[in-house]
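Here the structure comes first, spelled out in structure tokens, and everything after it is commentary.
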Amino acid sequence: MSYRSQVFLFAVSLVLCSSASIIHGQGMKSEGRNPAQMKFTTIPGLPTCTTGSVQSGNPMTGPSIILAKIPTGCSIPWHWHTPNENVMIVSGVGRMDMKDEKSLTLRAGGFAMMASHHVHQFKCLSSCQLYIYSDAAFDVHYVDKQGTEISPADAMKAVKQKAATEMK
């Protein structure tokens with residue numbers, strides 16, 4: 001799939017998500033902000049080196065868009081999510097490894113889409129900012145080399161990180 005097709009699909013998914021919110025009576029208001037105005041916190045289940053700012057929705061209960069900041073060297077070990085996950089790099093360079101797929105180096109404007117339950121990992125190679133769109137409540141399920149689910153604490157040992165337990 002071409003880069004333009006991927007960006008187009010990402011834009012269409014955002015529009016459909018917005019349309020669904022309006023249809024369900026949740027309504028939407030226009031708003032905008034720049035990163036300097038955003039409050040970044042740790043995200044439960046992700047390494048503490050990763051912080052995020054919710055831009056839309058509620059990641060605990062439904063679809064959401066999060067702007068994440070991930071410093072150079074920070075890794076999110078092998079895992080999967082219940083929702084479909086769409087990632088778009090704003091700045092920096094990151095490597096996305098996906099089970100049974102070729103590794104992908106993402107740069108500013110880069111896009112990756114992982115279907116529900118698709119095992120993948122991410123490492124920031126150079127100070128990353130990225131948007132994460134999930135089409136349902138955000139969760140993280142870590143797995144070992146055999147694909148067996150493991151605790152966040154066990155997963156973090158491999159990357160010498162700690163998992164966040166709350167938003168702070």
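- Hydrophobic clustering of Ile, Leu, Val, Met, Phe, Trp and Tyr side chains at less than 4.5 Å, counting indirect connections, unites Leu46 with Val54.
- For the pair Trp78/Lys145, no side-chain contact is recorded, criterion being any heavy-atom separation below 4.5 Å from C-beta on.
- With Thr72 contributing its side chain and Ser127 its backbone, the two residues share a donor-acceptor pair below 3.5 Å.
- Atom CZ in Arg107 sits 10.5 Å away from atom CD1 in Ile89 (nearest 0.5 Å).
- Residue Leu104 is not grouped with residue Val119 when hydrophobic side chains (ILVMFWY) are merged at heavy-atom distances under 4.5 angstrom, including chains of intermediate members.
- Taking 4.5 Å as the limit, some side-chain heavy atom of Val87 sits within range of a side-chain heavy atom of Met114.
- Criterion: ILVMFWY side-chain heavy atoms under 4.5 Å apart, direct or through other members. Under it, Leu125 and Met88 are not part of a common hydrophobic cluster.
- Side-chain contact between Ile66 and Pro59: present, with at least one pair of heavy atoms (C-beta onward) separated by less than 4.5 Å.
- From His118, atom NE2 reaches atom CE of Met113 across 10.5 Å, with rounding to the nearest 0.5 Å.
- Atom OG of residue Ser56 and atom CD of residue Glu31 lie 7.5 Å apart, to the nearest 0.5 angstrom.
- Between Ala164 and Ile43, the closest heavy-atom pair is CB-O, 3.4 Å.
- For the residue pair Pro47 and Cys74, the shortest heavy atom distance occurs at CB-SG, 4.3 Å.
- Proximity of Lys162 to Met156: side-chain heavy atoms (C-beta onward) are nowhere separated by under 4.5 Å.
- Heavy atoms only, all atoms of each residue included: Ala108 and Val90 are closest at CB-O, 3.4 Å.
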### Task
Decide yes or no on side-chain contact (heavy atoms from CB on, under 4.5 Å) for Thr82 and His141, but give the supporting numbers first.
CA-CA 8 Å; Thr82 303; His141 300 266; 3.6 Å; yes

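- Annotation: the span from Gln121 atom CD to Ser103 atom OG amounts to 8.0 Å, rounded to 0.5 Å.
- For the pair Asp144 (side chain) and Gln146 (backbone), a donor-acceptor distance under 3.5 Å is present.
- Of all the heavy atoms in Phe138 and Pro83, the pair that sits closest is CA-CG, 4.3 Å.
- Looking at every heavy atom in both residues, Val159 comes nearest to Pro77 through CG2-CG, 3.9 Å.
- The side chain to side chain contact (heavy atoms under 4.5 Å, CB included) check on Gln55 picks up Arg33, Met38, Ser53, Ile65, Leu67, Tyr131, with sequence neighbours excluded.
- Distance check: Phe122 CZ to Asp97 CG gives 10.0 Å after rounding to the nearest 0.5 Å.
- Residues His120 and Met96 are in side-chain contact: their nearest non-hydrogen atoms beyond the backbone lie under 4.5 Å apart.
- Of all non-hydrogen atoms in Ala137 and Met60, the two that sit nearest each other are CB-O, 3.7 Å.
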### Task
Give the intermediate values and the outcome of side-chain contact (heavy atoms from CB on, under 4.5 Å) for residues Ile70 and Ile76.
CA-CA 10 Å; Ile70 306 174; Ile76 303 170; 4.2 Å; yes

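- Note on residues 91-126: pairs passing disulfide (SG to SG under 2.5 Å), not counting sequence neighbours, are Cys124-Cys128.
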### Task
Test side-chain contact (heavy atoms from CB on, under 4.5 Å) on Glu85 and Ile132 and set out the steps.
CA-CA 7 Å; Glu85 179 184 37; Ile132 303 168; 3.5 Å; yes

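- A distance of 8.5 Å separates CG of Leu130 from OG1 of Thr50, quoted to the nearest 0.5 Å.
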